[in-house]
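For reference, the structure discussed in these notes is given below.
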Amino acid sequence: MKLNIVPPRTGATWVRCGLKAFGMRPLAFVSLFFMFMAGISLVSRLPVVGVVLALMLLPTMTLGLMAAAARTAEPEKPPAGAIFLAAVQAVRQDTRPLMVLGGLYAVGFLIVMGISALIDGGQFARAYLLGGALTREMAEATEFQVALWVTMALYLPLSLAFWHAPALVHWHGVPPAKSLFFSFVACFKNIGALTVFGLVWVGVCLGAGIVLSLVASLLVAMGAMGAGNGAAAVGGAVMIGGALVVAAMFFTSTWFTFRDSFVS
């Protein structure tokens with residue numbers, strides 16, 4: 001395994017490759033993403049340990065979608081079943097190291113949340129982790145805003161450490177602890193490409209958000225004119241469903257950031 005340094009413009013290529021892979025089997029990728037999210041949502045509802053277990057499952061979801069995306073890189077267009085099978089096999093093959101990675105991620109994330117709680121008394125952590133009520137006064141409080149920015153600053157290195165880690169464990173057999181180090185170094189060396197990757201995805205999300213907002217507003221207007229009492233509810237469902245589809249596209253594209261960052 002060797003680290004590959006890529007030019008910043010490669011970040012845009014990663015986005016295009018991800019969208020192309022998603023476009024090959026959109027229903028398969030959306031269904032796979034929804035399946036993972038449903039599992040995480042169900043686990044998070046367990047008392048006491050639910051949030052921790054949900055955090056532990058995130059590396060598993062990342063690897064599953066990356067393995068599915070890798071399947072599309074083959075010369076022939078894969079059937080939908082092959083995409084599901086690739087994700088399941090990858091997760092089954094590396095269940096133990098993925099659980100170790102998940103545990104490390106949960107510990108790291110909770111430490112970040114704990115530091116933020118020292119700043120604002122836990123208001124941001126409760127709102128983010130437990131879905132606590134967020135009032136305008138709370139959001140405008142100086143302590144809350146400081147806690148938000150500190151959390152973002154601390155989460156960035158944590159995110160870089162786990163960015164390639166599941167893939168390194170699966171495709172290169174790197175132990176979980178070492179995979180975090182190699183992932184962080186690879187992301188740091190290719191920070192230009194990852195920055196472009198992130199900025200392009202911000203543009204994609206903004207564009208998708210505008211389109212979804214227009215569709216939802218049209219449906220709400222139709223409901224107000226008596227075209228259908230459920231139009232407003234459908235508009236809300238369109239916004240939520242569209243956001244989840246964009247998220248599935250994003251996770252699909254992460255495989256290509258790994259593929260070009262390491263060579264055998």
Side-chain angles (χ1 to χ4, degrees), residues 15 18-19 21-72 80-95 98-99 101-106 108-110 112-113 125 127-132 134 155 158-159 162-167 169-170 198 201-202 204-205 208-209 211-212 215-216 233-258:
V15 178
L19 294 176
F22 181 89
M24 293 179 67
R25 292 294 182 187
L27 291 179
F29 279 106
V30 168
S31 300
L32 189 61
F33 179 73
F34 279 24
M35 180 183 72
F36 280 119
M37 288 301 299
I40 291 174
S41 177
L42 289 173
V43 168
S44 68
R45 297 179 181 274
L46 294 175
V48 184
V49 297
V51 173
V52 175
L53 292 177
L55 290 171
M56 291 179 64
L57 288 175
L58 289 177
T60 299
M61 181 181 74
T62 301
L63 177 60
L65 288 165
M66 290 178 79
R71 186 68 175 79
T72 66
I83 291 178
F84 272 93
L85 185 61
V88 172
Q89 287 179 338
V91 171
R92 182 184 298 173
Q93 177 181 336
D94 296 297
T95 299
L98 284 174
M99 289 298 98
L101 274 180
L104 293 173
Y105 179 79
F109 189 85
L110 292 176
V112 171
M113 289 290 105
Y128 187 86
L129 290 175
L130 304 177
L134 179 62
Y155 183 73
L158 180 68
S159 176
F162 281 89
W163 189 266
H164 297 305
V169 165
H170 178 68
W201 265 113
V202 169
V204 172
C205 291
V211 173
L212 291 172
V215 173
V234 173
V238 167
M239 291 293 294
I240 296 174
L244 291 174
V245 169
V246 173
M249 293 178 180
F250 172 81
F251 276 98
T252 302
S253 66
T254 58
W255 151 252
F256 299 96
T257 71
F258 169 76

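All values below were derived from every heavy atom in this structure, side-chain atoms included, with hydrogens, water molecules and symmetry-related copies excluded.
- Interatomic distance, Leu63 CG to Thr95 OG1, rounded to the nearest 0.5 Å: 9.5 Å.
- Taking the side chain to side chain contact (heavy atoms under 4.5 Å, CB included) definition, one finds that Leu58 meets it with Ile40, Leu55, Met61, Tyr105, sequence neighbours left out.
- With rounding to the nearest 0.5 angstrom, the CE atom of Met66 is 5.5 Å from the OG1 atom of Thr257.
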Kindly list each side-chain donor-acceptor pair under 3.5 angstrom involving residues 238-255, sequence neighbours excluded, with atom names and distances?
residue : atom : partner : partner atom : Å
Thr252  : OG1  : Ala248  : O            : 2.7
Ser253  : OG   : Trp201  : NE1          : 3.1
Ser253  : OG   : Phe250  : O            : 2.6
Thr254  : OG1  : Phe251  : O            : 2.6

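- Between Ala68 and Leu32, the shortest heavy-atom contact is CB-CD2, 3.7 Å.
- The stretch residues 40-62 participates, sequence neighbours left out, in no side-chain hydrogen bond (donor to acceptor under 3.5 Å, both in side chains) pair at all.
- How far CG of Leu53 is from CE of Met56: 6.5 Å, rounded to the nearest 0.5 Å.
- With sequence neighbours left out, Phe34 forms a ring pair (Phe, Tyr, Trp, His ring centres under 6.0 Å) with no residue at all.
- Among pairs with a residue in residues 63-72, those fulfilling side-chain hydrogen bond (donor to acceptor under 3.5 Å, both in side chains) read Arg71-Glu74, at least two apart in sequence or across chains.
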Anything under 3.5 Å between a donor and an acceptor, one on a side chain of residues 22-29, the other on a protein residue two or more places apart or in another chain? List them.
residue : atom : partner : partner atom : Å
Arg25   : NE   : Pro78   : O            : 2.8
Arg25   : NH2  : Pro78   : O            : 3.4

### Message
One pair to check against side chain to side chain contact (heavy atoms under 4.5 Å, CB included): Leu98 and His170. What are the steps and the verdict?
### Response
CA-CA 9 Å; Leu98 284 174; His170 178 68; over 6 Å; no
What pairs of donor and acceptor atoms, side-chain ones from residues 80-93 against any protein atom, are under 3.5 angstrom apart with sequence neighbours left out?
none

